[in-house]
There are 2 protein chains.
Amino acid sequence: MTSQRPIPTLQDVATRAGVSTATVSRAINFPDQVAQVTRDKVNAAIAELGYSPNFGARAMAARRTNTIGAIIPTMENAIFARGLQAFQEELRSNGYTMLVASTAYQPDTEEEQIRSLVARGADALLLIGYHRDPAIYDFLDAQDVPVLLTWAFDPAATRPSVGFNNSAAMQEMAEKVIGMGHRRLALISAETAQNDRASARCDGIRQAMTAAGLDADTLCFVETKYGIEEGAAAFDEVMTHDPSPTAVFCGNDVLAVGALRRARERGIAVPGDVSIIGFDDIELAQVVYPALTTVHVPHREMGRKAGQALVKHLRDGTALEPIEVHTKLVLRNTLGPP
Amino acid sequence: MTSQRPIPTLQDVATRAGVSTATVSRAINFPDQVAQVTRDKVNAAIAELGYSPNFGARAMAARRTNTIGAIIPTMENAIFARGLQAFQEELRSNGYTMLVASTAYQPDTEEEQIRSLVARGADALLLIGYHRDPAIYDFLDAQDVPVLLTWAFDPAATRPSVGFNNSAAMQEMAEKVIGMGHRRLALISAETAQNDRASARCDGIRQAMTAAGLDADTLCFVETKYGIEEGAAAFDEVMTHDPSPTAVFCGNDVLAVGALRRARERGIAVPGDVSIIGFDDIELAQVVYPALTTVHVPHREMGRKAGQALVKHLRDGTALEPIEVHTKLVLRNTLGPP
DNA sequence: TTGTACGCGTTATCAA
DNA sequence: TTGATAACGCGTACAA
């Protein structure tokens with residue numbers, strides 16, 4: 001049982017340094033407003049006491065927290081982890097702290113997390129995708145909390161975002177695939193109901209089909225949850241379709257890797273019998289064999305730019321501008337002629 | 001320019017409901033202490049105003065935050081992401097919120113993040129591994145913040161942890177490998193300087209060698225940063241050793257996957273020419289070809305149990321007990337006879 | 001350059 | 001069951 005000395009406060013530091021609390025506060029927040037000697041005394045007292053400012057009190061008095069919240073579907077998905085890591089590094093180097101929360105793709109949970117982060121005093125929020133209950137946007141407007149969306153970019157959208165055009169990116173890949181002669185196409189997609197990125201990618205394929213004179217309704221479409229195992233099961237389903245597809249698009253690399261594994265297990269040659277195409281270009285894509293053809297998304301760049309944009313907005317009060325980042329086709333070895 | 005109505009406070013709700021702030025506070029925190037009719041009026045007012053309590057003020061007045069901080073090396077590593085996801089789910093279902101911060105394996109950054117989370121009022125902290133400056137533990141004790149360590153388990157340690165015995169786990173695998181007849185061993189390790197898990201795994205191999213009558217100094221040891229590319233480069237280095245190893249242990253699956261890829265690129269057969277062994281059993285391990293032999297770590301179980309332990313401690317005030325979780329050898333296809 | 005004093009929004013104690 | 005009120009620790013006019 002150690003004798004519990006109480007946590008030191010500003011007042012304790014002030015007493016110890018023989019100055020007022022106001023001076024200590026200034027010494028911390030505006031060092032050049034206080035005389036050198038005074039500052040030294042204060043710093044010494046802070047060090048001796050092991051003082052660190054109370055966040056709650058500070059937030060209440062200053063009415064800002066230097067904290068930015070980020071809400072993602074799940075940390076278990078490498079793409080979000082990577083984007084957030086870059087986002088955080090950017091914030092950190094500008095004196096901001098990131099608070100993360102995850103939603104498991106549940107809109108209710110997202111709303112709850114938004115309220116929680118706002119209550120915690122987040123100065124701004126980073127959210128994934130455009131689609132959510134308008135009431136949430138109203139709430140954020142009412143609370144005067146700036147919001148930046150990411151992972152999607154729609155020039156026509158009213159809310160600013162830092163992201164890429166999911167539809168156009170997938171369309172470009174589909175055009176490539178169709179250009180190679182593929183006609184019987186399939187798509188293994190993440191669940192589209194609450195996920196505007198997934199549905200935009202799906203639209204991209206249909207548009208490419210229509211533009212090439214194919215009937216978009218012939219696309220063999222299967223929706224599934226996120227996961228390697230899920231991708232494998234969906235691949236089975238897709239291949240039972242008659243006529244069977246010669247090219248299988250996947251909404252993300254994880255699904256594609258599952259499909260690829262199942263193809264090997266079934267003795268189906270890739271890309272000999274069927275081509276498999278991913279989306280995201282996570283590390284996994286280069287490691288599987290054959291290496292996965294996919295759409296590269298600059299996750300780190302996106303996270304970094306989102307961080308820069310938010311910091312600038314908070315500092316200078318300038319409007320948040322939409323920023324588009326660009327995807328790129330990565331043609332590896334799972335795509336071949338039909 | 002919408003007219004900015006101010007953010008509602010407890011006082012606003014009280015006025016609107018025609019009661020005192022004390023009653024509103026109780027209606028929120030101890031609903032059964034207030035009359036049904038009063039409660040309804042208060043809830044109505046809360047809904048109409050869109051009120052949500054100010055976290056800072058609450059923390060200051062209540063002297064707790066229902067928040068638990070977690071500090072990990074990096075979110076980009078799937079093992080931490082997965083463990084934290086489970087940890088968070090457990091906290092959430094008990095009314096606690098998780099705050100994450102990451103350190104990029106920098107002790108200085110970790111210390112900074114610890115102070116930041118404590119200042120934010122974290123009721124407890126989850127940290128990875130045992131090894132850190134004693135001054136940090138002193139600080140946490142002084143601030144009266146409970147700490148639970150994880151990802152490691154040492155029965156002799158003074159601080160409670162929820163984790164597994166890194167050394168014993170690797171030793172078990174090494175015994176298996178040696179038992180198959182391997183004598184020329186190599187280890188590609190994560191950097192051991194600030195990472196007690198990495199050095200424990202290394203010790204495990206040496207102990208198995210000594211126990212089997214081998215000279216532990218013959219272990220070909222290479223240290224590298226985290227990453228697939230880094231694993232590949234380290235594999236090159238290890239294979240130039242003379243005599244070249246017949247079995248290459250890797251400190252984690254990501255390094256192992258890099259080694260595996262490089263082996264394929266070099267035309268080195270696995271496990272024909274050399275065996276490769278990973279650690280962690282992340283999804284990657286089942287997806288590569290040949291599937292990776294590795295040590296399974298129950299990351300989700302570990303995260304969940306850590307969450308349970310911390311919640312119980314905070315609620316009941318009982319001491320934090322050490323909890324060991326168990327690893328398991330997963331013999332897939334990259335390990336064969338020498 | 002420094003100090004005084006008030007207010008931030010909530011919880012908790014004590015009375016009523 | 002409810003209300004008045006004193007903390008909680010800090011930032012910041014304003015004054016000196």
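Within every chain, numbering begins at 1; the chains are lettered A, B, ... in the order of the sequence lines, protein sequences first and strands thereafter. Please read all numbers here as calculations on a predicted model, not as lab measurements.
- Rounded to whole angstrom, the span from the CD1 atom of I28(A) across to the P atom of dG11(D) amounts to 7 Å.
- Look at D141(B) and R159(B) and you find a salt bridge, because one of the NZ, NE, NH1 or NH2 atoms lies within 4.0 Å of a carboxylate O, short of that distance.
- Y96(A) places no side-chain N or O within 3.5 Å of a backbone atom of E90(A) that could act as its donor or acceptor partner.
- Residues satisfying the salt bridge (charged side-chain N to carboxylate O under 4.0 Å, His left out) criterion with R39(A), sequence neighbours excluded, are absent altogether.
- What separates CG of D40(A) from P of dT2(C) is a distance of 11 Å, to the nearest Å.
- Across the protein-nucleic acid pair, F55(A) atom CZ and dC8(C) atom C1' stand 14 Å apart, rounded to whole Å.
- A distance-only check finds a donor-acceptor pair linking the side chain of Q113(A) to the backbone of S102(A) [under 3.5 Å].
- A donor-acceptor pair is defined here as one N or O able to donate and one able to accept, closer than 3.5 Å; no such pair exists between the side chain of D196(A) and the backbone of G129(A).
- At the heavy-atom level, S25(A) lies under 4.0 Å from base atoms of the strands shown.
- A sub-4.0 Å separation between OP1 or OP2 of dC8(C) and a side-chain N or O of N54(B) is absent.
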Between the protein and nucleotides 1-5 of chain D, list every N/O to N/O distance that falls short of 3.5 Å.
{"from": "dT2(D)", "atom 1": "OP1", "to": "T38(B)", "atom 2": "OG1", "distance (Å)": "2.1"}
{"from": "dT2(D)", "atom 1": "OP2", "to": "A35(B)", "atom 2": "N", "distance (Å)": "3.0"}
{"from": "dG3(D)", "atom 1": "OP2", "to": "S20(B)", "atom 2": "N", "distance (Å)": "3.0"}
{"from": "dG3(D)", "atom 1": "OP2", "to": "S20(B)", "atom 2": "OG", "distance (Å)": "3.2"}
{"from": "dG3(D)", "atom 1": "OP2", "to": "T23(B)", "atom 2": "OG1", "distance (Å)": "2.6"}
{"from": "dG3(D)", "atom 1": "N7", "to": "R26(B)", "atom 2": "NH2", "distance (Å)": "2.9"}
{"from": "dG3(D)", "atom 1": "O6", "to": "R26(B)", "atom 2": "NH1", "distance (Å)": "3.1"}

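- Between W151(B) and F80(B), the ring planes are tilted. Angles from 30° to 60° get that label.
- Contact annotation for Y51(A): backbone-only contact, meaning every heavy-atom pair under 4.0 Å involves sugar-phosphate atoms and none involves a base.
- Looking at residues two or more places apart in sequence or on another chain, you find no salt bridge (charged side-chain N to carboxylate O under 4.0 Å, His left out) involving R82(B).
- The F30(B) side chain lies nearest to dA12(C) when the options are dC10(D), dA12(C), dT10(C).
- In R64(A), the CZ atom is not crowded: 12 or fewer heavy atoms of neighbouring residues, nucleotides or ligands sit closer than 6.0 Å.
- Distance, K41(A) NZ to dT1(C) C1': 12 Å, rounded to whole Å.
- Within the 4.0 angstrom heavy-atom criterion, only backbone atoms of the sugar-phosphate kind lie near L10(A); the bases stay farther away.
- Look at CD on Q11(A): it is 12 Å from C1' on dG3(C), rounded to the nearest Å.
- In the helix from dT1(C)-dA16(D) to dA16(C)-dT1(D), the rotation axis of the first five pairs and that of the last five pairs differ in direction by 30°, rounded to 10 degrees.
- Here I323(A) pairs with V162(A), K305(A), A309(A) under the side chain to side chain contact (heavy atoms under 4.5 Å, CB included) rule; sequence neighbours left out.
- Contact check of residues 56-65 of chain B against DNA chain D (heavy atom, cut-off under 4.0 Å) returns M60(B), A61(B), R63(B).
- T103(A) places no side-chain N or O within 3.5 Å of a backbone atom of T109(A) that could act as its donor or acceptor partner.
- Ion pairing between R304(A) and E89(A) fails under the 4.0 Å rule for side-chain N and carboxylate O.
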